[in-house]
Each structure stands twice: as structure tokens, then as C-alpha cells.
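Each remark here refers to the structure printed beneath this line.
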Amino acid sequence: MTKVITKFTRNVPHWQPRVTPVDLKAATEAQLDALQVTPSNTKVSEYVLTLAHDVESLKVRSPLFNAIMYDTGGMSRAERELGALGASMVNHCIYCAAVHAARHAQLETSTEVTDKLFRDGAKADLTERDRAIFDFAVALSEAPSRAGLAHMDALKAAGLDAAEVLDLILSASLFGWANRLMHVLGDPVRVSTDAA
Amino acid sequence: MALVTTALRQAGITTEGGLAAAVEGRAAIFEMTQAAEDAVLRPKDEGPWSHDLRAALAARIATLNDEADLAAQYADGAGAFADLADPENDGAAQGLAEVVAFMDKVAADTRNVAAADVSGLQAAGVADADIVRLAELNAFLAYQIRVIAGLRLMKGAFA
């Protein structure tokens with residue numbers, strides 16, 4: 001039995017593609033190269049195998065994703081996760097929200113912020129800094145963006161410098177991208193092993 | 001700054017501006033962003049979605065996001081598909097009504113995209129690989145458009 005998850009959770013669901021992923025056994029040289037499949041690394045997720053249908057995009061996307069979320073300097077990793085979470089909540093990407101809420105909780109060694117956001121949504125009681133970060137990520141993620149100079153003022157007042165704000169723009173924007181793959185091309189599901 | 005990218009040009013970020021240091025600190029990200037634009041707008045293997053059609057859809061998505069200058073940049077490459085750059089045109093005249101409706105919804109009403117939107121494309125004869133190509137084009141533009149909007153705000157706030 002599989003059940004599609006429709007509520008935000010930190011308990012990361014299984015991602016079930018709506019299209020048929022590339023069959024690794026039938027993959028082309030270019031696909032294997034973009035997938036970075038090697039004899040010692042043959043485990044590839046269904047998500048990445050789905051993206052392998054567009055091999056030129058996949059090849060540039062993975063390093064860009066890692067640079068935006070993990071390169072040193074600038075904004076803290078936990079705060080970049082908060083930017084990713086704001087976008088994922090706007091776009092209702094349950095899978096992305098779960099992964100990045102879980103990473104935020106792990107980096108902060110606290111579930112307090114993500115508990116509040118999942119329970120109270122945009123009205124959650126956050127610190128001034130988290131509030132400014134989350135509100136900006138949410139506003140930028142709307143289509144069209146609703147982000148304005150008042151958001152910039154709030155970020156500056158909360159103590160963010162230019163390098164941190166740039167990283168926030170990049171992480172929230174990146175999830176405008178990731179959400180449109182994860183939420184569009186598959187379903188977040190819970191697979192039950194019950195016989196019933 | 002040797003960086004020449006659509007995102008920085010559209011946001012009006014220059015070497016003399018107050019943002020130069022922050023942007024140079026993330027130079028690799030801006031270079032990879034430009035490489036991603038090349039991969040989704042002008043791929044070597046374009047499948048059924050020609051470079052002209054991709055440019056038209058990109059212009060359309062930029063317009064849906066109120067990014068007129070970016071829309072104009074992409075519309076320049078739209079060739080025979082130029083009409084599709086205008087969100088008023090539904091794509092029926094080009095035989096692309098399902099594709100255009102899918103792209104509009106993914107771009108501007110993402111949260112409500114459902115399994116039926118993907119199965120609708122499949123029913124219209126679009127292959128799975130080509131659905132992934134449409135999603136990647138759309139998703140990249142969502143990112144690029146927001147980077148430009150964010151940088152433009154930063155220019156006002158941190159200059």
C-alpha cells in the first residue's frame with residue numbers, strides 16, 4: 001500500500017516518480033557520466049534517474065545545487081535550509097520541505113523552529129533573524145515575487161550582511177527550481193508494509 | 001569582474017557597485033547558473049523542443065513573473081514561436097495547448113500541480129523524457145527569475 005502525503009512533515013517520505021525513470025542498465029554513456037555511476041557507486045535514486053532523461057541539465061544542476069547549499073562562507077548552512085524551506089512551503093513541495101526541515105533540525109540540534117513553522121505556518125513565532133529570513137524566502141518564492149525593499153530592510157535590521165543575503169537569495173531561488181522538479185514529477189508517499 | 005551572465009546583467013550588477021565583493025565570492029555559482037541556462041535553453045540534444053520554442057516558453061514564463069526585460073531577451077530567440085511568448089496565446093494554433101497549459105501552471109501555480117497534469121501530457125503523446133525536459137526548463141527559469149529579482153532588491157539596499 002502506498003499513501004500520498006499531503007501534510008508537511010519532517011519524516012521524509014519516499015519519492016514516487018510520475019514518469020518512468022531511466023533504466024540504469026539501458027543508460028547511455030552521457031547519462032552514466034552525468035549520474036557519476038562507477039563500479040563502486042551503482043546506487044542511484046529514482047529521482048536522479050528521472051532527471052537523467054535531461055542529461056545536459058542534470059550535469060550542471062548537481063554541482064550548482066551543492067555550491068549554493070554547502071560552499072563555505074556567507075550564510076550558515078542552517079539558515080540556507082530555512083530559505084529552502086520557505087520556498088518549499090510556498091510551492092507545497094512536501095518532499096523538499098521534509099528533507100530541508102529535517103536538515104535544519106539536525107544542524108540546529110533542535111526541532112523548535114520547524115515544529116513552529118509546520119504547526120503555525122507563516123504566523124509562527126520566530127526570532128527576528130529567522131523571521132526576516134523566512135519572510136523574504138516566502139515572498140521571493142511567490143509567482144510573481146512579492147519580495148520588496150521592506151524585506152531587505154528587515155534582513156539588514158536583523159544583522160545580515162550582503163554575503164548572507166546573497167546566499168539567502170540563491171538558496172530560496174534554488175528551491176524554486178527543485179520544487180518544480182520534485183513536486184511536479186513525483187508524489188511524496190508513505191509505503192506501508194502491512195499485509196492488510 | 002569578468003563575469004558575464006544573464007542574471008547579473010538583468011539585475012544591473014556591475015564591478016563598481018557595492019555588491020561586487022559578495023558576487024565575486026560566489027563567482028562559481030554565477031558561472032554555473034549561466035551554464036545551466038545554456039543547458040536548458042540551448043541544449044545540444046533538444047528533443048522535440050527546439051531552441052526557438054524553448055526561448056518562447058522562457059519569455060512567456062518571464063512575462064508571467066513580471067520580468068519584462070528578461071522576457072524581451074528570450075523573445076529575441078523565439079523565431080517562429082514568437083506568439084507563444086505572449087501568455088494571452090494558449091498554444092492551440094501551434095498544436096501545443098497541453099504543453100503551454102502545463103508550463104503556465106508549473107510556473108505560476110506550482111503548489112496546485114498534480115499527477116493529472118503529468119498524465120495529461122502523457123495522454124497528449126508527450127514522452128516521459130520530454131516531460132522532464134519541460135520541467136527542467138520551467139524549474140531553471142523559476143530560479144533565474146528569482147535570482148534576478150533578489151539581486152535587484154539587493155542593489156537598492158546594499159549599494
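For clarity, every value in this text was computed on a predicted model and none was experimentally measured. Just so you know, these numbers use all the heavy atoms, side chains as well, and skip hydrogens, waters and symmetry mates.
A:M152 is listed as a side-chain neighbour of B:M154, based on a closest heavy-atom distance under 4.5 Å. Within the 4.5 Å cutoff, no side-chain heavy atoms of B:D117 are placed close to those of A:V184. You'll find the side chain of A:L155 stays beyond 4.5 Å of the side chain of B:F158, heavy atoms only.
A:V55 and B:V40 end up in different hydrophobic clusters when Ile, Leu, Val, Met, Phe, Trp and Tyr side chains are linked at under 4.5 Å. A:V12 and A:V191 fall into different hydrophobic clusters, where Ile, Leu, Val, Met, Phe, Trp and Tyr residues are linked whenever their side-chain heavy atoms come under 4.5 Å apart, directly or through other members. A single hydrophobic cluster is not seen to contain both B:L64 and B:L57; linkage of ILVMFWY side chains at heavy-atom distances under 4.5 Å, directly or through other members, places them apart. Grouping the Ile, Leu, Val, Met, Phe, Trp and Tyr side chains by contacts below 4.5 angstrom, directly or via other members, places A:I133 with A:V113. A:L107 and A:F118 are members of different hydrophobic clusters when ILVMFWY side chains are connected at heavy-atom separations under 4.5 Å.
Using a 4.5 Å cut-off between heavy atoms, B:A115 contacts chain A through both its backbone and its side chain. Neither the backbone nor the side chain of A:E164 comes within contact range of chain B; no heavy atoms are under 4.5 Å apart. A:F136 touches chain B through its side chain: at least one heavy atom from C-beta onward sits under 4.5 Å away, while N, CA, C and O do not. In this structure, the portion of A:L160 lying under 4.5 Å from any heavy atom of chain B is its backbone and not its side chain. When heavy atoms are compared at a cutoff of 4.5 Å, A:S171 does not approach chain B at all. Neither the backbone nor the side chain of B:Q144 has a heavy atom closer than 4.5 Å to any heavy atom of chain A. Looking at B:L151, both its backbone and its side chain come within 4.5 Å of chain A, counting heavy atoms on both sides. For B:V106, the parts lying near chain A are the backbone and the side chain together; criterion is any non-hydrogen pair under 4.5 Å. Both the backbone and the side chain of A:V90 come within contact range of chain B, with heavy atoms under 4.5 Å apart. Both the backbone and the side chain of B:T33 have a heavy atom closer than 4.5 Å to some heavy atom of chain A. The contact between B:R133 and chain A is made by backbone and side chain atoms together, counting heavy-atom distances below 4.5 Å.
For the atom pair CZ (B:R146) and CG (A:L170), the distance works out to 13.5 Å, reported to the nearest 0.5 Å. To the nearest 0.5 Å, the span separating NE2 on A:H92 from CG on B:D109 amounts to 12.0 Å. The CD1 atom of B:I148 sits 11.5 Å away from atom OG of A:S145, with the distance rounded to the nearest 0.5 Å. Atoms CG and CG, on B:D45 and A:D54 in that order, are 8.5 Å from each other to the nearest 0.5 Å.
Looking only at heavy-atom pairs under 4.5 Å with chain B, the residue among A:L168, A:L149, A:D187, A:D153 that has the most is A:L149. By number of non-hydrogen pairs under 4.5 angstrom with chain B, the leading residue of A:L64, A:I169, A:V60 is A:L64. Interface summary for chain A: among B:A127, B:A114, B:A21, the most heavy-atom pairs under 4.5 angstrom belong to B:A114. Options A:A163, A:A52, A:P63, A:C93 differ in how many heavy-atom pairs under 4.5 Å they form with chain B, and the most are formed by A:P63. Comparing B:I29, B:L141, B:V118 by heavy-atom pairs within less than 4.5 Å of chain A, the highest count is held by B:I29.
Judged purely by atom type and a 3.5 angstrom limit, A:R18 has no side-chain atom pairing as donor or acceptor with the backbone of B:A116. With A:R180 contributing its side chain and B:A107 its backbone, the two residues share a donor-acceptor pair below 3.5 Å. Proximity of a side-chain donor or acceptor of A:E56 to a complementary backbone N or O of B:K44 within less than 3.5 Å is detected. In this structure a side-chain-to-backbone donor-acceptor pair under 3.5 Å is present from A:H183 to B:T110. Side-chain atoms of B:D128 do not come within 3.5 Å of backbone N or O of A:V19 as any donor-acceptor pair.
In this structure, B:E136 and A:S57 approach most closely via the heavy-atom pair CD-CB, 3.7 Å. Between B:L19 and A:A162, the closest heavy-atom pair is CD2-CB, 4.4 Å. Taking each heavy atom of B:F30 and A:L166 in turn, the nearest pair found is CZ-CD1, 4.1 Å. Pairing each heavy atom of A:P144 with each of B:D66, the nearest pair is CG-OD2, 3.3 Å.
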Any chance you could lay out the side chain to side chain contact (heavy atoms under 4.5 Å, CB included) test for B:L153 and A:V165, step after step, and finish with the verdict? CA-CA 10 Å; B:L153 288 172; A:V165 173; over 6 Å; no

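Note: A:W177 and B:F140 have perpendicular aromatic rings, judged against thresholds of 30 and 60 degrees for the angle between ring planes.
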